[in-house]
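What follows is a short report on a single structure.
Protein chains get the first letters and strands the later ones, always in sequence-line order, with residue 1 at the start of each.
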Amino acid sequence: MVELPDKRTAFVDWYLAVVEEANLSDKRYGVKGMNVWTPYGFRARRNLDRILVREIEATGSEPVEFPTLIPATEFAKEKEHIQGFDAQVFWVTKGGLSELDVPLVLRPTSETAIYPVFALWVRSHRDLPLNVYQIVSTFRYETKTTRPFVRVREIHFFEEHTCQLDDDAATARVRSNLGAFRAIAGALGLPYLALRRPEWDKFAGAHYSIAFDAPVGGARTLQLGSVHHYRDNFAKPYGIVYEAPDGTQRHPHQTTFGLSERLLGAVVAVHGDAKGAVFPSSVAPYEVVIVPIPSPDEDGGTARLARTLAERLEHHGRRAFLDGGDERPGAKYYRWELRGVPLRLEVGRREAAAGAVTAVDRLGRKASLPIADLEDGVAARLADFDRALTERAGAAFRASFLPAATLAELAGSDQVRSLGWCGEEACGHAIEQAIDGALLGTPEDPVPWLPGSPPACIACGSTSPVRWAFAAQPM
RNA sequence: GGGACUGUGGGGUAGCUUGGUCCAUCCUUCGGGGUUCGGGACUCCGAGACGCCAGUUCAAAUCUGGCCAGUCCCA
């Protein structure tokens with residue numbers, strides 16, 4: 001008997017209710033920002049990880065895993081980096097009963113754990129490029145309000161770290177990462193913008209940062225991940241050096257690519273609706289749920305048929321769940337819609353007689369699938385569902401932007417705003433103050449629905465090199 | 001870093017101002033029985049809570065202090 005808050009007018013309440021009612025995460029652990037992965041949520045996470053692994057390995061990256069603890073001495077080597085993270089690291093200062101001589105940092109991200117080892121691994125230009133990734137827990141001492149998947153203190157984190165020959169090669173790796181993310185977001189049906197962050201908002205220690213932002217209603221956006229070009233900012237302090245073909249000793253240029261469980265939060269936030277979560281089939285804990293509808297006077301034939309169908313789908317590699325509980329069918333429909341299952345198969349007396357099951361997808365579209373080739377029918381319905389879901393998200397995406405011509409328009413805006421920006425920091429801060437949010441940055445690639453260049457900087461009116469930029473209220 | 005607020009079964013709540021009528025209300029949930037069964041069934045029986053520690057008092061969910069946990073606002 002769940003009544004969800006209204007997504008439009010009470011987004012945060014809606015989001016929290018969906019995460020809880022869909023049973024994706026249990027936040028009652030008792031440590032702020034550290035939540036329990038439930039079986040259902042864990043399945044979604046595992047499916048997401050498979051996509052990340054598939055896409056990053058397709059671009060020539062290899063899996064590694066570095067330790068969780070970082071000596072304070074290593075952590076402090078890159079000056080900007082330590083300053084950027086100082087306020088939000090957990091420290092391990094005791095071993096048993098005694099104080100540690102060198103305190104240990106619980107990694108907030110792994111540059112400082114990995115790069116001392118990169119210094120050992122990289123000797124020659126033949127060792128480059130070095131592309132490795134890991135999926136691990138990272139820890140950040142958030143003092144603000146935490147939210148499941150979106151802002152947590154133990155983060156399920158994907159991070160790629162690379163060493164490249166030079167600036168150009170590193171830029172190429174950044175482009176490769178942008179392509180990998182396009183594939184990942186495509187698998188999730190998530191539209192986004194790739195924006196180069198302004199100087200004051202780049203990753204601590206980076207030469208530049210590109211982040212992926214998705215509108216999630218009103219002027220709110222959610223950062224889905226980021227790619228950073230470090231140049232040799234870390235290679236120098238960590239002593240990563242290779243010998244070039246001409247015999248000179250050089251520092252490689254480095255890049256990183258970071259994603260997290262927040263992608264699951266984005267899936268919930270973007271695709272979810274008044275009935276609850278909606279999962280694209282790629283990450284859905286179950287792609288198909290089968291609901292038997294027994295008749296009072298039968299001999300159990302319906303249950304047997306439903307079981308047979310579930311087994312056939314599973315043997316065919318489908319994540320299928322047979323809901324054989326003795327609730328009424330309607331109660332099951334509501335629950336699995338709340339939990340976001342893409343496709344529901346109804347199996348009863350009518351279906352048995354017709355030789356075809358009733359399939360209803362999470363967008364409410366009904367079809368009849370012949371039992372004889374159920375596997376193909378289900379595959380086709382899922383593909384069609386994913387397409388429709390992506391389209392629905394795309395329409396909402398396009399409707400979430402509005403150009404702004406004056407700072408005054410930004411106040412109280414309930415859309416993400418595109419605007420002209422001259423690139424000056426003072427103008428950037430004026431924009432941020434006006435929208436009470438952030439200047440997300442400038443598009444890395446041309447945005448199809450925006451003309452070549454904006455007329456003037458929204459803050460100072462300058463018409464010399466002006467670029468499109470986006471301003472919003474990040475969650 | 002500064003300030004405000006909140007804490008009652010698994011979840012959501014009533015009770016708190018003015019201490020006693022509270023072995024704590026209602027909804028949901030959970031276990032069991034019966035009747036049901038193509039979009040959230042009904043009914044009967046049962047289970048389950050005052051964040052922790054001290055104090056005031058004849059008497060504390062209610063008042064006081066400390067702690068813990070959480071939320072919000074400001075820098």
Side-chain angles (χ1 to χ4, degrees), chain A residues 1-6 10-41 83 86-90 141-148 150-154 200 220 273-278 289-306 309 322-341 343-369 371 429 432-433 436-438 473 475:
Chain A
M1 232 52 44
V2 180
E3 279 302 321
L4 293 174
D6 184 71
F11 177 80
V12 171
D13 293 335
W14 170 88
Y15 175 81
L16 292 173
V18 169
V19 168
E20 180 165 331
E21 298 294 342
N23 219 270
L24 290 166
S25 176
D26 196 328
K27 61 178 181 184
R28 295 172 300 180
Y29 182 66
V31 178
K32 179 185 174 77
M34 296 193 181
N35 304 321
V36 176
W37 289 91
T38 59
Y40 195 67
Q83 281 173 358
D86 211 15
Q88 48 176 325
V89 293
F90 284 97
Y141 183 77
E142 288 287 350
T143 53
K144 290 182 186 165
T145 302
T146 57
R147 305 217 178 287
V150 170
R151 192 181 300 117
V152 290
R153 299 214 284 193
E154 178 171 357
W200 62 90
R220 280 182 304 265
D273 59 24
K275 290 178 170 180
V278 182
V289 62
I290 298 169
V291 178
I293 305 170
S295 302
D297 54 346
E298 64 159 296
D299 59 353
T302 296
R304 280 196 298 278
L305 176 58
L309 298 182
L322 171 62
D323 190 350
D326 54 10
E327 286 167 303
R328 298 156 78 94
K332 296 177 182 176
Y333 299 166
Y334 277 95
R335 171 142 30 78
W336 292 111
E337 281 165 1
L338 178 58
R339 302 183 83 182
V341 175
L343 194 65
R344 174 178 81 233
L345 301 185
E346 304 173 5
V347 182
R349 187 204 303 242
R350 294 207 288 261
E351 283 75 13
V357 299
T358 302
V360 183
D361 75 15
R362 182 56 178 77
L363 297 174
R365 302 176 311 163
K366 211 173 248 197
S368 182
L369 303 182
I371 290 174
H429 290 316
E432 295 191 326
Q433 199 166 5
D436 190 23
Q473 295 173 325
M475 268 182 85

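Among the nucleotides B:rG11, B:rG40, B:rG38, the one closest to the side chain of A:Ile293 is B:rG38. Nearest to the side-chain atoms of A:Arg328 among the listed nucleotides B:rU36, B:rG40, B:rG11 stands B:rU36. Among the nucleotides B:rU71, B:rG11, B:rC37, the one closest to any side-chain atom of A:Thr146 is B:rU71.
Taking a pair to require two hydrogen-bonding distances under 3.5 Å in either a Watson-Crick or a G-U wobble arrangement, B:rG1 pairs with B:rC74. Pair assignment for B:rC68: B:rG7, on the basis of Watson-Crick or G-U wobble contacts that are both within less than 3.5 Å. Pairing of B:rU17, defined by two Watson-Crick or G-U wobble distances under 3.5 Å, is not identified with any nucleotide. Across all strands shown, B:rA60 remains unpaired; no Watson-Crick or G-U wobble contact has both distances below 3.5 Å. Across all strands shown, B:rG40 has no partner, as no Watson-Crick or G-U wobble contact with both distances under 3.5 Å is found. The partner of B:rG31 is B:rC45, judged by Watson-Crick or G-U wobble contacts that both fall below 3.5 Å. Taking a pair to require two hydrogen-bonding distances under 3.5 Å in either a Watson-Crick or a G-U wobble arrangement, B:rC26 pairs with B:rG12.
Of the two residues near RNA chain B, A:Glu20 and A:Lys366, the one whose nearest nucleotide lies more 5' is A:Glu20.
Crowding of A:Gln88 atom CD: a count of heavy atoms from other residues, nucleotides or ligands under 6.0 Å exceeding 12. Within a 6.0 Å radius of CZ in A:Arg151, other residues, nucleotides and ligands contribute more than 12 heavy atoms.
A salt bridge is absent between A:Lys332 and A:Asp326; no separation between the charged side-chain nitrogens and carboxylate oxygens falls under 4.0 Å. Between A:Lys275 and A:Asp273, none of the side-chain N atoms (NZ, or NE/NH1/NH2) sits under 4.0 Å from a carboxylate O, so this pair counts as no salt bridge.
Across the P atoms, B:rA59 and B:rG20 are found 14 Å apart, a figure rounded to whole Å. Between B:rG51 and B:rU6, the two C1' atoms lie 12 Å apart (nearest whole Å). Between B:rA47 and B:rC52, the two P atoms lie 22 Å apart (nearest whole Å). When the P atom is compared between B:rA75 and B:rU56, the two are found 44 Å apart, to the nearest whole Å. Of the P atoms belonging to B:rA61 and B:rG55, the separation is 16 Å, rounded to the nearest Å. B:rU18 and B:rA60 are spaced 14 Å apart, taking the C1' atom of each and rounding to whole Å. Nucleotides B:rU8 and B:rC27 are separated by 15 Å at their C1' atoms, to the nearest Å. Distance noted for atom C1' between B:rG31 and B:rC67: 37 Å (whole Å).
Distance A:Lys27 NZ to B:rU71 P: 8 Å, rounded to the nearest Å. In this structure, OH of A:Tyr29 is placed 18 Å from P of B:rG10, rounded to the nearest angstrom. Taking atom CD on A:Gln88 and atom P on B:rG1, their separation rounds to 14 Å, with Å as the unit. Across the protein-nucleic acid pair, A:Asp436 atom CG and B:rA75 atom P stand 10 Å apart, rounded to whole Å. For the pair A:Tyr333 OH and B:rC37 P, the computed distance is 15 Å after rounding to whole Å. Rounded to a whole Å, the CG atom of A:Asp323 is 14 Å from the C1' atom of B:rG39. The nearest whole Å value for the distance from the CG atom in A:Leu338 to the P atom in B:rG11 is 18 Å. Here B:rG70 presents its P atom at 14 Å from CD of A:Glu142, a figure rounded to the nearest Å.
Both stacking criteria are satisfied for A:Tyr334 over the base of B:rG40: a centre-to-centre distance under 5.5 angstrom and an angle between ring planes under 30 degrees.
Using a 4.5 Å cut-off on side-chain heavy atoms (C-beta onward), A:Thr358 and A:Glu351 make contact.
Among the protein residues, A:Glu337 comes within range of the nucleic acid bases, having at least one heavy atom under 4.0 Å from a base atom. Among the atoms of the strands shown, only primed sugar atoms or phosphate atoms (P, OP1, OP2) are found under 4.0 Å from some heavy atom of A:Lys32.
Ring pair A:Tyr141/A:Phe90 is perpendicular by interplanar angle, where above 60° counts as perpendicular and below 30° as parallel.
Applying a 4.0 Å cut-off to non-hydrogen atoms, the residues of residues 344-353 of chain A that approach RNA chain B are A:Arg344, A:Glu346, A:Gly348, A:Arg349, A:Arg350, A:Glu351, listed by residue number.
For the pair A:Arg339 and A:Tyr40, the distance from NZ or CZ to the six-membered ring centre is under 6.0 Å and the angle to the ring normal is within 45 degrees.
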- Task: I would like to know whether A:Arg344 and A:Glu337 meet side-chain contact (heavy atoms from CB on, under 4.5 Å); could you show each step before the answer?
- Result: CA-CA 9 Å; A:Arg344 174 178 81 233; A:Glu337 281 165 1; 3.0 Å; yes

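Checked options A:Leu343, A:Leu305, A:Val357, A:Leu345; the residue passing with A:Ile290 is A:Leu345 (criterion: side chain to side chain contact (heavy atoms under 4.5 Å, CB included)).
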